[in-house]
Asks: 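Below: one structure in structure tokens.
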Amino acid sequence: MADRAAMNPLDAPTRVGEPSPEPAPIATVAVLAPLEKPLSYAIPPLLREQIQPGVRVVVPLGRRRALGVVLEVACGKDDGLRLLDEVLDAQPLLPPDLLNFLRRAAAYYHHPLGEVLRTALPAGLSSITTRVAILTERLYRPTPSSVVPPGTRQREVLAWLRERGEASLAEIAAQFPAPHAVLKRLVELEMLSVREAERRRDPFFAAPPPADARPTPSADQQRALELVLESLAARRFAPMLLHGVTGSGKTEVYLQAISATLGQGRQALVLVPEIALTPQLVARFRARFRDADQRVAVLHSGLSDGERYDAWRAIARGEISIVIGARSAIFAPLPDLGIIVVDEEHEAGYKQGEGWRYHARDLALLRAQRCAAVVILGSATPAMTSFHRARTGATAYLSLSERILGRPLPEVSLVDLSGRRLSGALAPELVEALAENLARREQSLLLLNRRGFAPFLLCRECGATFRCPNCEITLTYYQSHRHLRCHYCDYVQRPPQQCPDCGGTSLDPEGAGTERLEEELAAAFPGARIARMDRDTTRRKGAHQGLIEGMELGAIDILIGTQMVAKGHDFPGVTLVGVVGADASLNFPDFRSAERTFALLTQVAGRAGRGERPGRVLIQTYAPAHHALTCAARHDYLAFYEQEIAFRRDLGYPPFGHLINLVLSGNQPAQVESRAAELAAELDQVSAGVEVLGPAPCALARLRGRTRFQILLKAAARPPLHRLLAAVDAWRRKLPRTLNLAIDVDPLDML
DNA sequence: AGCACGCCGACT
DNA sequence: GTCGGCGTGCTC
């Protein structure tokens with residue numbers, strides 16, 4: 001019988017048959033597949049010159065061809081190795097420090113390097129099948145010739161081109177209608193040369209906003225800037241926390257620090273938690289950096305593959321000075337990165353929740369370390385871990401303690417709801433305050449961190465609620481769509497007329513979401529212009545921006561919304577902020593719930609009184625004595641930190657301990673549970689220096705039809721944790737593919 | 001992840 | 001008797 005492998009054209013010819021007598025160059029390649037380790041390949045003699053670390057290669061992998069990135073080239077025995085097929089880049093696509101950074105990142109997060117590389121590269125560069133269309137265009141350039149062409153049109157076009165230098169066909173066509181024949185003739189006469197070049201799609205063509213004036217920094221801002229400038233001049237890794245109360249002018253510090261970085265000939269990276277929320281920030285950057293050599297690029301999920309590819313290439317060529325983007329922008333290939341700004345560094349949006357669960361802020365610190373850059377972590381409510389680092393001196397501490405122009409922080413009062421029965425979602429105090437604000441024709445903002453009409457539908461007779469068949473949660477009732485929906489898997493069903501359990505006919509929406517609050521307000525204030533901002537109303541492109549503009553123009557009196565309304569907006573007209581359900585986030589089964597609640601309340605309170613008129617804030621709560629509420633009401637970050645840090649210390653939670661969460665999921669509940677128990681028992685055997693907690697069902701014990709158990713690893717130091725992961729790996733290798741084990745290093749939440 | 005292999009049910 | 005379901009193993 002014939003050898004099947006030998007019949008496969010991919011196989012036999014590429015395999016190195018006999019061991020070479022001489023040591024041959026071997027490439028270590030990170031293949032873009034979830035493999036545990038890089039693979040080694042022999043290098044065909046013809047490709048030896050082109051191979052260097054950082055170039056992409058096509059390699060045989062089993063029966064198929066795969067893309068990989070060369071990590072190292074070394075000499076050794078190449079017997080039994082397969083030959084790599086193709087080298088795709090003439091220059092390293094990933095410069096050494098970027099590649100280095102990604103290798104460190106993969107190790108830290110215990111994630112396969114190939115997958116890390118796939119995450120870091122734009123779609124067009126990370127696959128051999130999906131090629132982005134590389135658009136080319138014709139560029140015409142006058143040759144050094146003084147001959148005068150015969151035709152009038154030819155003379156006109158040539159004169160224009162001699163004036164301008166090189167121009168593309170599109171640009172010429174914009175000046176001279178139907179120029180093709182003329183150009184063709186001029187080329188034939190050798191008065192023009194033509195070349196094909198990669199066309200750059202420029203998604204940044206929008207007209208720049210008017211230039212803004214650079215304000216004189218306040219004393220606080222000046223102090224912060226001096227420290228930044230000093231570190232820049234020394235070209236050293238310098239992490240700093242910029243702790244500035246809401247409205248204190250953190251952005252101005254970013255702008256001036258970046259300006260100094262560009263002055264050094266280096267580039268800047270600005271990370272924002274969610275790019276859709278920050279057109280205002282982008283506009284400020286565009287207004288400040290207007291020179292031809294200060295191009296600003298924005299990376300976000302709305303870019304097409306082609307646009308992303310173009311942006312990536314332009315950044316790598318050094319044509320872009322400032323990149324603004326969401327978490328994945330941390331991988332932007334800026335060649336000489338001098339500063340990374342992480343705006344609102346406490347935001348959970350920096351953490352990738354699926355697949356490779358990286359945290360962009362933490363990666364920013366890692367990357368800056370590799371390229372000796374300054375990192376500014378900016379926040380009014382720093383993460384406990386970030387503030388703790390500043391306390392211990394691991395990062396510098398810069399503080400902006402005053403609002404700009406001496407504007408006061410708003411006055412905050414807590415409305416105690418305990419023991420009270422409200423007729424709707426709003427307490428009379430809040431209704432009254434809204435009425436006053438309307439009478440004064442001032443704007444109000446209401447935070448209710450819950451979408452839909454009601455968080456569940458309840459049977460009055462037997463107390464049954466409606467649950468998602470795929471997830472372990474109740475279905476949210478939407479009056480607008482007349483349906484029940486799951487917020488995790490988007491399962492939808494019609495609300496039944498009768499309770500399926502007892503046949504009862506009184507099924508009532510229980511509790512209130514933003515949709516119901518909007519209805520309640522419309523009834524209470526018939527003349528008011530009310531709008532709602534949550535994931536449901538901002539799904540449509542431009543809807544979010546429309547609401548922001550409505551607020552800026554004063555076309556909205558009351559804006560209701562989820563935490564989306566708390567983030568980063570500067571609405572000078574808002575003088576009243578109401579918080580309808582401050583307790584919901586406190587009851588999350590998670591050690592960070594107080595930290596998150598404090599941050600949310602402080603951020604939303606910070607939306608009040610940013611203009612000329614002072615603001616006030618009313619917070620409805622059932623837990624008025626909780627430190628997250630009392631401290632937020634007093635704008636007292638430090639007091640909150642002191643209380644919270646004591647609790648963290650007692651329990652060994654971050655920043656005093658490090659966590660890794662292992663989540664095992666699968667379709668068969670019994671199998672998941674028993675395997676989780678097995679893993680925990682095995683880890684217990686080798687857990688020196690690590691606490692192994694669990695297994696326990698996740699807070700979301702079922703999600704999209706899969707049962708989930710977690711094992712939490714906790715340790716005072718990282719090395720023993722990473723040692724334990726070696727045991728996890730060994731165990732995982734034996735796991736059937738029907739089960740999935742996710743490793744979450746530094747988990748942000750444990751749902 | 002792909003892609004093959006191999007072992008079981010329900011079809012012509 | 002085959003077609004095809006997905007569990008399992010391997011990829012230099």
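Every chain is numbered from 1 and lettered A, B, ... according to where its sequence line falls, protein lines coming before strand lines.
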Asks: Going by ring-ring contact (aromatic ring centres under 6.0 Å, His included), name the pairs with one or both residues in residues 310-337 of chain A, residues two or more places apart or in two chains.
Replies: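 Qualifying pairs, neighbours excluded: A/F331-A/W356, A/F331-A/Y358.
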Asks: Grab the NZ-C1' distance between A/K77 and C/dC12 for me, whole Å please.
Replies: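 Taking NZ of A/K77 and C1' of C/dC12, I get 17 Å after rounding.
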Asks: For A/Y478, does the six-membered ring have the charged nitrogen or CZ of A/R485 within the cation-pi criterion, i.e. under 6.0 angstrom from the centroid and within 45° of the normal?
Replies: yes
Asks: With side chain to side chain donor-acceptor pair (under 3.5 Å) as the rule and sequence neighbours excluded, what pairs involving residues 717-733 of chain A come up?
Replies: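 Side chain to side chain donor-acceptor pair (under 3.5 Å) check on residues 717-733 of chain A returns A/E36-A/R733, A/Y108-A/R718, A/H110-A/D729, A/H658-A/R718, A/E678-A/W731, A/R718-A/D746.
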Asks: Would you kindly give the CG-to-P distance between A/L84 and C/dT11, to the nearest whole Å?
Replies: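 These atoms are roughly 18 Å apart.
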Asks: Would you kindly check whether a donor in the side chain of A/R64 faces an acceptor in the base of B/dA4, or vice versa, at under 3.5 angstrom?
Replies: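 Flag unset: no donor-acceptor pair detected.
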Asks: A/E354: what forms a salt bridge (Lys or Arg N to Asp or Glu O under 4.0 Å) with it, not counting sequence neighbours?
Replies: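 With sequence neighbours excluded, A/E354 shows a salt bridge (Lys or Arg N to Asp or Glu O under 4.0 Å) to no residue whatsoever.
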Asks: A/L39 has an atom CG; how far is it from atom P of C/dC12, in whole Å?
Replies: 7 Å
Asks: Categorize A/L35 for me: base, sugar-phosphate, or nothing, with a 4.0 angstrom heavy-atom threshold over every strand shown.
Replies: base
Asks: Starting the side chain at C-beta, find the nucleotide from C/dC12, B/dA1, B/dC3 nearest to A/Y41.
Replies: C/dC12
Asks: Report, one pair per line, the protein and nucleotides 6-10 of chain C atoms (nitrogen or oxygen only) whose separation is under 3.5 Å.
Replies:
| residue | atom | partner | partner atom | Å |
| --- | --- | --- | --- | --- |
| C/dT8 | O4 | A/R737 | NH2 | 3.4 |
| C/dG9 | O6 | A/R737 | NH1 | 3.1 |
| C/dG9 | O6 | A/R737 | NH2 | 2.2 |
| C/dC10 | N4 | A/R737 | NH1 | 3.2 |

Asks: Nearest whole Å is fine: how far is C/dC12 P from A/R82 CZ?
Replies: 5 Å
Asks: Quick one: A/H111 NE2 to B/dA1 C1', roughly how many Å, whole number?
Replies: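 The distance from NE2 of A/H111 to C1' of B/dA1 comes to 12 Å, rounded to the nearest Å.
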Asks: With a cut-off of 3.5 Å and sequence neighbours excluded, list every side-chain donor-acceptor pair involving residues 683-693 of chain A.
Replies:
| residue | atom | partner | partner atom | Å |
| --- | --- | --- | --- | --- |
| A/S687 | OG | A/D684 | O | 3.2 |

Asks: In whole Å, I'd like the distance from the CG atom of A/L32 to the C1' atom of B/dG2.
Replies: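 Answer to the nearest Å: 14 Å.
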Asks: Suppose we screen for salt bridge (Lys or Arg N to Asp or Glu O under 4.0 Å). Which residues come up paired with A/E673, at least two apart in sequence or across chains?
Replies: none
Asks: Grab the CG-P distance between A/L61 and B/dA1 for me, whole Å please.
Replies: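 Atom CG in A/L61 sits about 13 Å away from atom P in B/dA1.
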